[in-house]
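Notes follow the structure.
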Amino acid sequence: MYGTAMDRISTVAEIAYRDLLRMLKDDRVGAIRGTPILRTKGQKKYWYDQYRVGTSVRQKYIGEDSPQLQAAMEQRTTLKETQAHRRANRSRLVRLLRTEGLLGLDGANASLLSSLANAGLFRLGGTLIGTVAFRLYEAELGVNITVDALLNTNDIDIASFTRLSLALDDQASPSLSDVFSDFKFDPVPSLDREHVWKWRQTRSDLLVEFLTPSFTEKEGLGRLPALGVSAQSLHHLNFLIADPIHAAIPYRDGVLIQIPSPERFAIHKLIVADRRRDGPDSFKARKDRDQARFLVHVLAEDRPDELAMAFEDAMSRGPKWQERLDASLKRLPDVRDVLTA
């Protein structure tokens, strides 16, 4: 069982994590090589770094427009001039978080995710999901997560929207395939040889999978052009990765990534637990329910409105969604009482 909602991380750790996360988000602007430009696509606006390479003009995606990103743009000269100092300060904050006992990630996972982040995985719309993402809610929510057998996993799951991947008009560099090769990962063959969506590390059996929401009746394989990989499409995944949040991995001088909002993660785990109930991954259903229980109780205390809105959103999506949720909540009467209060 995971730690209780009252088992809080220290105030020092909370402040250090918020400072680290803020600096990592601001420092996206410090890395701009040329001129920042704002492009409108549909109803959203995105910032790009426009610069010259020889006689060609290139545009590198920075992020979706937001008040914080706009404020950072206004300070980009200062951010650029103080990059070395800010990097040293981030390293100090990471050391402080470790001293305060923040769980974080193991070195192997953190190193891999750092390299994937440097290649643009999260900048280009990738969202870390699954148990590895769950571990990072410790700092986001300010509560300790107890290490136990349920926390162990050999999977890193990354999800992204196909339409977003197409719209960004940018690509990971170096390619994710090259990053996996550097870490001794081999592609896992699939029935469709044109689609590679899994990589396995031979020395550790670590598996990385790419996923994308399915908006059709049948789940299949799709492409994520910005990431240069294929992805397994799954139902209900669109709910999970809508409106992701930034998170910081306390590794080296910090790694900026994306994870689902904790309230969506909790409700999605209830759905997934029922999907896995009778399938080949049925042994994972208990872990799903435990993670959902932990988050629901924490969020009911700290973020009740966000939790209620996420639950109402899922329940409003039709009878199949309701059936999945009801089936899991029958096994978790304490969670049911919180969500239906």
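All values below come from the heavy atoms of this structure, side chains included, with hydrogens, waters and symmetry mates left out.
- When all heavy atoms of E64 and K44 are compared, the closest pair comes out as OE2-CD, 3.4 Å.
- One hydrophobic cluster, built from ILVMFWY side chains closer than 4.5 Å, holds both V208 and L237.
- Electrostatic pairing of R58 and D49 does not count as a salt bridge here, judged by no charged N lying under 4.0 Å from a carboxylate O.
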Exercise. Starting from the C-alpha separation in whole Å, work towards a yes-or-no answer on side chain to side chain contact (heavy atoms under 4.5 Å, CB included) for I158 and T127.
Key: CA-CA 5 Å; I158 297 162; T127 299; over 6 Å; no
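- Interatomic distance, E209 CD to K198 NZ, rounded to the nearest 0.5 Å: 4.5 Å.
- The main-chain N or O of R336 is found under 3.5 Å from a side-chain atom of T340 such that the two form a donor-acceptor pair.
- D288 and H268 are not linked by any side-chain donor-acceptor pair at a separation below 3.5 angstrom, with hydrogens and angles left out of the test.
- Using a 4.0 Å cut-off between charged side-chain N and carboxylate O, R8 and E301 make a salt bridge.
- Of the possible donor and acceptor atoms, one in the side chain of D106 sits under 3.5 Å from a partner among the backbone N and O of A108.
- Criterion: ILVMFWY side-chain heavy atoms under 4.5 Å apart, direct or through other members. Under it, L24 and V29 are not part of a common hydrophobic cluster.
- Between R293 and D290 a salt bridge is recorded (basic side-chain N to carboxylate O distance below 4.0 Å).
- Taking the six-membered ring for Trp and the full ring otherwise, W199 and F180 have centroids separated by under 6.0 Å.
- Panel note: side chain T82, backbone H85; no donor-acceptor pair is recorded below 3.5 Å.
- Atoms CD1 and CD1, from I9 and I145 in turn, are 10.0 Å apart once rounded to the nearest 0.5 Å.
- At a cut-off of 3.5 Å, with distance as the only test, a side-chain donor of Q291 or T131 sits close to an acceptor on the other residue.
- Two different hydrophobic clusters hold I62 and I37 under the rule that ILVMFWY side chains link at heavy-atom gaps under 4.5 Å.
- With rounding to the nearest 0.5 angstrom, the CG atom of L112 is 10.5 Å from the CG atom of L105.
- Taking 4.0 Å as the cut-off between side-chain N and carboxylate O, R18 and E140 count as a salt-bridged pair.
- Under a 3.5 Å cut-off, the side chain of Y17 and the backbone N or O of A248 do form a donor-acceptor pair.
- Judged purely by atom type and a 3.5 angstrom limit, D27 has no side-chain atom pairing as donor or acceptor with the backbone of G30.
- The two residues L168 and L124 make their nearest non-hydrogen contact at CD1-O, 3.4 Å.
- Among all heavy-atom pairs drawn from A119 and P174, the shortest one is CB-O, 3.4 Å.
- In this structure, R317 forms a cation-pi arrangement with W321, its terminal cationic atom sitting closer than 6.0 Å to the ring centre and no more than 45° off the ring axis.
- The residues R200 and D186 are annotated as not salt-bridged, no charged nitrogen and carboxylate oxygen being separated by less than 4.0 angstrom.
- Rounding to the nearest 0.5 angstrom, the gap separating the OG atom in S114 from the CG atom in D253 is 8.0 Å.
- Inspection of the T212 and T162 side chains reveals an N or O donor paired with an N or O acceptor under 3.5 Å.
- A donor-acceptor contact shorter than 3.5 Å links the side chain of S56 to the backbone of V53.
- A cation-pi arrangement, defined by a distance under 6.0 Å to the six-membered ring centre and an angle within 45 degrees of its axis, is present between R33 and Y51.
- In this model, no donor atom of one side chain and acceptor atom of the other lie less than 3.5 Å apart for E219 and S214.
- Within 6.0 Å of the CZ atom in R252, the count of heavy atoms belonging to other residues, nucleotides or ligands does not exceed 12.
- Using modelled atom types and a 3.5 Å distance limit, the side chains of R39 and Q59 yield a donor-acceptor pair.
- With values rounded to the nearest 0.5 angstrom, I257 atom CD1 is found 15.5 Å from R123 atom CZ.
- Here the side chain of K80 pairs no donor or acceptor atom with the backbone of A31 at under 3.5 angstrom.
- A cation-pi arrangement is present between R264 and F239, with the terminal nitrogen or guanidinium carbon under 6.0 Å from the aromatic centre and inside a 45° cone about the axis.
- Here D65 does not pair with K45 in a salt bridge; the nearest charged N to carboxylate O distance is not below 4.0 Å.
- Of the charged side-chain nitrogens involved, none lies within less than 4.0 Å of a carboxylate oxygen, so that D169 and K60 do not count as a salt-bridged pair.
- Taken to the nearest 0.5 Å, the CG atom of L295 stands 6.5 Å off from the CZ atom of F265.
- At a threshold of 4.5 Å between side-chain heavy atoms, the hydrophobic network of Ile, Leu, Val, Met, Phe, Trp and Tyr places F122 and W47 in two separate groups.
- Between the side chains of T35 and Q50, no donor N or O sits under 3.5 Å from an acceptor N or O.
- Cation-pi geometry between R163 and F215 is satisfied (NZ or CZ under 6.0 Å from the ring centre, within 45° of the ring normal).
- One side chain, S175 or D178, offers a donor N or O that lies under 3.5 Å from an acceptor on the other.
- Using a 3.5 Å distance cut-off with no hydrogens or angles, the side chains of R86 and N89 do not pair a donor with an acceptor.
- Not one N or O on the side chain of S230 forms a donor-acceptor pair closer than 3.5 Å with the backbone of W197.
- A donor-acceptor contact closer than 3.5 angstrom links the side chains of S204 and Q201.
- Cluster annotation: L20 and L141 are assigned to distinct hydrophobic clusters (Ile/Leu/Val/Met/Phe/Trp/Tyr, side-chain heavy-atom contacts under 4.5 Å, transitive).
- Between the side chain of T99 and the backbone N or O of R95 there is at least one donor-acceptor pair closer than 3.5 Å.
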